[in-house]
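The next block holds one structure in the form of structure tokens; read it before the comments.
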Number of protein chains: 2
Amino acid sequence: MTSEPFVGLLMFIASRDVETRVVAAMRRAGIDDITLAQARVAARIGPHGTRLTDLAEQAQVTKQTATAIVDRLEHAGYVERVPDPTDGRARLVRLTGKAEALLPIARAEERRIEQEWERHLGPRRMRELRDALTLLREITDPYRDDA
Amino acid sequence: MTSEPFVGLLMFIASRDVETRVVAAMRRAGIDDITLAQARVAARIGPHGTRLTDLAEQAQVTKQTATAIVDRLEHAGYVERVPDPTDGRARLVRLTGKAEALLPIARAEERRIEQEWERHLGPRRMRELRDALTLLREITDPYRDDA
DNA sequence: TATATTGGTCAGGCTATCGAACTAGATGAT
DNA sequence: ATCATCTAGTTCGATAGCCTGACCAATATA
């Protein structure tokens, strides 16, 4: 009579595993001055920069938290703040070259994980998983856009 | 040429949405003295109590962090520490009645979310999603057991 | 019984996060 | 034009979360 585990919990377990592994890959590559929360925010920065308020919204934290995280990222040299030409109040947060150099490391680990998953699930189930999650995003992510 | 978003990110988005909603449901029910991290630890406590070290392992935090979180939970009256009869060094962390009274609220919100998802995906895809995630757990969760 | 292992806590310090209050620029109505 | 209001972002103060290192007590092992 034990009901099946809640799907949300299963997802949490898997995504936590992913985060842990990507962070570990960074550490192995010698990058140890960037935290998970910082990476989450940085991952939302678009190619031409993103406003702090937008980052806060997308990462689901308050503006104050986003400010603090961007402060640290800036201090570590991973992002810079430039004035927004279209709005005198606003500033755009942009990735620096130092940050962009890190992307391949993260991407490589992600690919490795996906390959392992595909090996474990088989191609058909992997395909189904991807489809279902993509569809689900429509109702769980209010800020989707492909940057 | 934009490749499909990484499956891990899709999962993160969905599971974060779940967490946010469950916490919001708690808030609506008047419970505002329990945080996400505390809930995650509490969720791992078995029916007869669980050792702190085990909780730490399962929640993937250090023993010290688990101690601090359990301290707060205990202070708020949600758990209690009792001696472990089988090991003089150990103590078992157990849920109190106050905590158990909260479970139905969380469960109800989880059911509601699953229903919404099923409505959006359709029964077949929902089934596939559940199957894939359950399989995936074998390689992403080192501490699975059904309590 | 000496040593290593295991369960747990304490101390200290940094990061993450929030609510409240503030400054500066933008906007809308009159 | 100008005044009230809204929006972008920051600062302040407080607490939670998290880690490393150091430690104590009980158990297991040689």
Side-chain angles (χ1 to χ4, degrees), chain A residues 12 16 19-20 23-24 26-27 31-46 49-76 78-94 143, chain B residues 12 16 19-20 23-24 26-27 31-46 49-76 78-94 143:
Chain A
F12 172 73
R16 174 143 217 183
E19 286 183 338
T20 304
V23 168
M26 295 288 218
R27 294 276 183 281
I31 292 95
D32 64 347
D33 61 346
I34 193 164
T35 68
L36 198 49
Q38 288 168 20
R40 281 178 191 157
V41 167
R44 296 282 193 166
I45 298 174
T50 303
R51 290 191 191 176
L52 188 121
T53 303
D54 295 335
L55 287 180
E57 236 177 28
Q58 292 176 29
Q60 299 196 47
V61 296
T62 59
K63 288 191 297 178
Q64 300 93 301
T65 299
T67 297
I69 290 176
V70 169
D71 281 349
R72 293 193 221 299
L73 283 170
E74 187 174 33
H75 191 258
Y78 291 113
V79 306
E80 56 189 355
R81 283 186 244 229
V82 299
D84 183 340
T86 72
D87 190 330
R89 296 165 300 179
R91 299 205 273 167
L92 296 176
V93 180
R94 274 203 316 219
Y143 306 105
Chain B
F12 172 72
R16 177 142 220 185
E19 286 184 338
T20 304
V23 168
M26 294 289 217
R27 293 276 183 282
I31 292 95
D32 63 348
D33 60 346
I34 192 163
T35 67
L36 199 48
Q38 288 168 20
R40 282 178 189 157
V41 167
R44 296 282 191 165
I45 298 175
T50 304
R51 289 190 192 176
L52 189 119
T53 302
D54 295 335
L55 288 180
E57 234 178 29
Q58 292 176 28
Q60 299 195 45
V61 296
T62 60
K63 288 189 298 177
Q64 297 90 317
T65 299
T67 298
I69 290 175
V70 169
D71 281 349
R72 296 197 220 311
L73 283 169
E74 187 174 32
H75 191 257
Y78 290 113
V79 307
E80 56 187 356
R81 283 184 243 229
V82 300
D84 183 340
T86 72
D87 189 331
R89 296 166 298 180
R91 297 207 273 165
L92 296 175
V93 180
R94 274 203 318 219
Y143 307 105

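Source: prediction; values computed, not measured. Chain letters run A, B, ... following the sequence lines, proteins first and then strands; every chain starts at 1.
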The side chain of [X] is closest to which nucleotide in this list: [options]?
X	options	answer
Thr67(B)	dA16(C), dT11(D), dT9(C)	dT9(C)
Ala37(B)	dG17(D), dC19(D), dT27(D)	dG17(D)
Arg51(B)	dC18(C), dG7(C), dT9(C)	dG7(C)

Within the 4.5 Å heavy-atom criterion, are [X] and [Y] side-chain neighbours or not?
X	Y	value
Arg51(B)	Asp87(B)	yes
Leu55(A)	Val61(A)	no
Phe12(B)	Arg40(A)	yes
Val93(A)	Thr50(A)	no

Return the 5'-most residue of the pair Arg89(A), Leu52(A) with respect to DNA chain D, ranking by each residue's nearest nucleotide.
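Result: Arg89(A).
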Closer to the 5' end of DNA chain C via nearest nucleotide, is it Gly88(A) or Thr53(B)?
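With Gly88(A) and Thr53(B) compared, the 5'-side residue is Thr53(B).
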Any side-chain N or O of [X] under 4.0 Å from OP1/OP2 of [N]?
X	N	result
Thr62(B)	dC18(D)	no
Arg72(B)	dT15(D)	no
Thr35(B)	dA16(D)	no
Gln38(B)	dG17(D)	yes
Arg81(A)	dT10(D)	yes
Thr65(A)	dC18(C)	yes
Arg91(B)	dT9(C)	yes

Write down the distance between [atom1] ([X]) and [atom2] ([N]), rounded to a whole number of angstrom.
X	N	atom1	atom2	result
Gln58(A)	dA8(D)	CD	C1'	16 Å
Leu73(B)	dA16(D)	CG	P	11 Å
Leu55(B)	dG7(C)	CG	P	12 Å
Glu19(B)	dA16(C)	CD	P	17 Å
Gln64(B)	dC14(C)	CD	P	17 Å
Asp33(B)	dA16(D)	CG	P	11 Å

Could you check whether Asp87(A) gets within reach of a base, just the sugar-phosphate, or nothing at all, counting any heavy atom under 4.0 Å?
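Sugar-phosphate, no base atom in range.
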Reckon Ala90(B) touches a base, only the sugar-phosphate, or nothing at all at heavy-atom distances under 4.0 Å?
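Answer is sugar-phosphate: Ala90(B) comes under 4.0 Å of backbone atoms only.
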Do other residues, nucleotides or ligands put more than 12 heavy atoms under 6.0 Å from the CZ atom of Arg94(B)?
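Not buried by this count: 12 neighbours or fewer within 6.0 Å.
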